K.L.:
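Could you have a look at this structure, given as structure tokens, before my questions?
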Amino acid sequence: MPSANTVPSPIKINDMTVAELHQLIKKEKNMPVFIDVREPNEIEAQGKISGATNIPFGLTKTDPSLFNAALREIIPNKEDKLIISCRSGRRSLFAAEYLVDNLGYSNIYNVAGGILDWIDHQYPVQAYSNNHSPWVHSFTSNHPYYAVIDLEILSLSILPIYV
């Protein structure tokens, strides 16, 4: 959620319906970056929309450098199309505002209705399977790192966090 001192951005955050997202996923060969900002326990309980990378929005409060670094790594060009989803569309809207106001992203689509609306439309949900993919994790060492694990293509990327 933006702070009281944040000046609203002149950049408009676009809405995308779940029907539009479903059509995009079905026909798009080069799908835009798609982020699910729910917490891992929510994905374990409800599953996720296939193709989404989980970067919990809660990290902006607990570990903002991890959240920011993961976004910069996954979508370095701030003008590229970025789709954000959550449970109902509210938290993803806050995440979109955070990305515009704090990180300078400018081509963001918020999935109105989130996974709840997706499920109501009976679109397919990727069920949680232990450590499902892709998933952003952090671990401690002398230097902060995060790992993006994608079991669908059996890859692991370990990347340093730059603050």
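Values in this document were obtained by computation on a predicted structure and should not be read as measured data. Throughout, numbering of the chain's residues begins at 1 and tracks the sequence. Note: hydrogens, waters and symmetry copies are ignored here, and every other heavy atom, side chains too, is used.
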K.L.:
Are Ile119 and Leu24 linked, directly or through intermediate hydrophobic residues, by side-chain heavy-atom contacts shorter than 4.5 Å (ILVMFWY only)?
P.N.:
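Looking at the clustering, Ile119 is in the same group as Leu24.
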K.L.:
With sequence neighbours excluded, what pairs up with His22 under the side-chain hydrogen bond (donor to acceptor under 3.5 Å, both in side chains) test?
P.N.:
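Applying side-chain hydrogen bond (donor to acceptor under 3.5 Å, both in side chains) to His22 gives none.
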K.L.:
For the CD1 atom of Ile35 and the CD1 atom of Ile74, what is their distance to the nearest 0.5 Å?
P.N.:
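Between Ile35 CD1 and Ile74 CD1, I get 4.5 Å after rounding to 0.5 Å.
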K.L.:
Could you give the distance from CE (Met16) to OG (Ser92), rounded to the nearest 0.5 Å?
P.N.:
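One gets 11.5 Å once the value is rounded to the nearest 0.5 Å.
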K.L.:
Closest heavy-atom contact between His121 and Val18?
P.N.:
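For His121 and Val18, the tightest heavy-atom pair comes out as ND1-CG2, 3.5 Å.
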K.L.:
Are any non-hydrogen side-chain atoms of Pro40 and Pro56 less than 4.5 angstrom apart?
P.N.:
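Touching, per the 4.5 Å side-chain cut-off.
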K.L.:
Looking at CG of Asn30 and NZ of Lys81, how far apart are the two atoms once the value is rounded to the nearest 0.5 Å?
P.N.:
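Output value for this atom pair is 12.5 Å.
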K.L.:
Honestly curious: do Leu103 and Ile75 fall in one hydrophobic cluster under the side-chain, below-4.5 Å linking rule?
P.N.:
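Linked, Leu103 and Ile75 end up in one cluster.
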K.L.:
Is the shortest side-chain heavy-atom distance between Ile43 and Lys48 below 4.5 Å?
P.N.:
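The answer is yes; the side chains approach within 4.5 Å.
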K.L.:
Return the CZ to CG distance between Phe94 and Leu99, rounded to the nearest 0.5 Å.
P.N.:
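Going from CZ on Phe94 over to CG on Leu99, the span is 13.5 Å.
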K.L.:
Step by step, work out the side chain to side chain contact (heavy atoms under 4.5 Å, CB included) result for Ile108 and Ile84.
P.N.:
CA-CA 7 Å; Ile108 300 178; Ile84 304 178; 3.8 Å; yes
K.L.:
Could you pull out all residues at least two apart from Leu93 that satisfy side chain to side chain contact (heavy atoms under 4.5 Å, CB included)?
P.N.:
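Here the qualifying residues are Ile13, Glu97, Asn110.
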K.L.:
How would you list, by chain and number, every residue that makes a side chain to side chain contact (heavy atoms under 4.5 Å, CB included) with Gln23, sequence neighbours excluded?
P.N.:
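Once residues adjacent in sequence are excluded, the partners of Gln23 under the side chain to side chain contact (heavy atoms under 4.5 Å, CB included) criterion are Lys26.
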K.L.:
Are the side chain of Glu39 and the backbone of Gly58 linked by a donor-acceptor contact shorter than 3.5 Å?
P.N.:
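Yes, because the side chain of Glu39 sits within donor-acceptor range (under 3.5 Å) of the backbone of Gly58.
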K.L.:
Check the pair Ile49, Ser85 against side chain to side chain contact (heavy atoms under 4.5 Å, CB included), reporting the backbone distance first and the verdict last.
P.N.:
CA-CA 9 Å; Ile49 300 169; Ser85 181; 4.2 Å; yes
K.L.:
Any side-chain heavy atom of Arg72 within less than 4.5 Å of one from Tyr105?
P.N.:
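Yes, close enough: below the 4.5 Å cut-off.
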K.L.:
Between Val111 and Ile83, does a side chain to side chain contact (heavy atoms under 4.5 Å, CB included) hold up when you go through it step by step?
P.N.:
CA-CA 7 Å; Val111 180; Ile83 301 169; 3.5 Å; yes
K.L.:
Whether the Asp15 and Thr17 side chains hold a donor-acceptor pair (N or O, under 3.5 Å, no angle test) is what I'd like checked.
P.N.:
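Side-chain D/A pair, Asp15 to Thr17: absent.
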K.L.:
Which heavy atom in Val125 sits nearest to a heavy atom in Trp118, and how many Å separate them?
P.N.:
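Distance-wise, the nearest heavy atoms are CG2-CD1, 3.8 Å.
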K.L.:
Is any side-chain heavy atom of Val33 less than 4.5 Å from a side-chain heavy atom of Thr53?
P.N.:
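Contact flag for Val33/Thr53 side chains = no.
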K.L.:
Run the side chain to side chain contact (heavy atoms under 4.5 Å, CB included) test on Asn68 and Leu59 for me, step by step, so that the C-alpha distance in whole Å, both residues' side-chain angles and the decisive distance to 0.1 Å come before the verdict.
P.N.:
CA-CA 9 Å; Asn68 298 350; Leu59 286 173; over 6 Å; no
K.L.:
Could you tell me which non-hydrogen atom of Cys86 sits nearest to which non-hydrogen atom of Arg91, and how far apart they are?
P.N.:
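Nearest heavy atoms, Cys86 then Arg91: SG-N, 3.6 Å.
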K.L.:
Apply side-chain hydrogen bond (donor to acceptor under 3.5 Å, both in side chains) to Asp80 and list each qualifying residue two or more places apart in sequence or on a separate chain.
P.N.:
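Residues passing side-chain hydrogen bond (donor to acceptor under 3.5 Å, both in side chains) with Asp80: Asn77.
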K.L.:
Looking at residues at least two apart in the chain, or sitting in another chain, which of them share a side-chain hydrogen bond (donor to acceptor under 3.5 Å, both in side chains) with Asp120?
P.N.:
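With neighbours one apart ignored, the set is empty.
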K.L.:
Scan for ring pair (Phe, Tyr, Trp, His ring centres under 6.0 Å) pairs involving residues 29-52, sequence neighbours excluded, and state none if there are none.
P.N.:
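Counting only pairs at least two positions apart or across chains, no ring pair (Phe, Tyr, Trp, His ring centres under 6.0 Å) contact touches residues 29-52.
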K.L.:
Search all heavy atoms of Ile115 against all heavy atoms of Gly47 and return the closest pair with its distance.
P.N.:
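Looks like CD1-O, 4.0 Å.
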K.L.:
Mind checking ring pair (Phe, Tyr, Trp, His ring centres under 6.0 Å) for Phe67 and listing every partner two or more places apart, or none if nothing turns up?
P.N.:
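Partners of Phe67 by the ring pair (Phe, Tyr, Trp, His ring centres under 6.0 Å) criterion, ordered by chain and then number, come out as Tyr98.
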K.L.:
Within this structure, what is the CG-CD distance for the pair Asn54 and Glu42, rounded to the nearest 0.5 Å?
P.N.:
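These two atoms lie 9.0 Å from each other.
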K.L.:
For Arg87, check side-chain hydrogen bond (donor to acceptor under 3.5 Å, both in side chains) against everything at least two apart and list the hits.
P.N.:
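If we apply the side-chain hydrogen bond (donor to acceptor under 3.5 Å, both in side chains) test to Arg87, skipping adjacent residues, there are no hits.
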K.L.:
Using a 4.5 Å cut-off on heavy atoms from C-beta on, say whether the side chain of Leu66 contacts that of Ile55.
P.N.:
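A side-chain contact is absent here, since even the closest heavy-atom pair is not under 4.5 Å.
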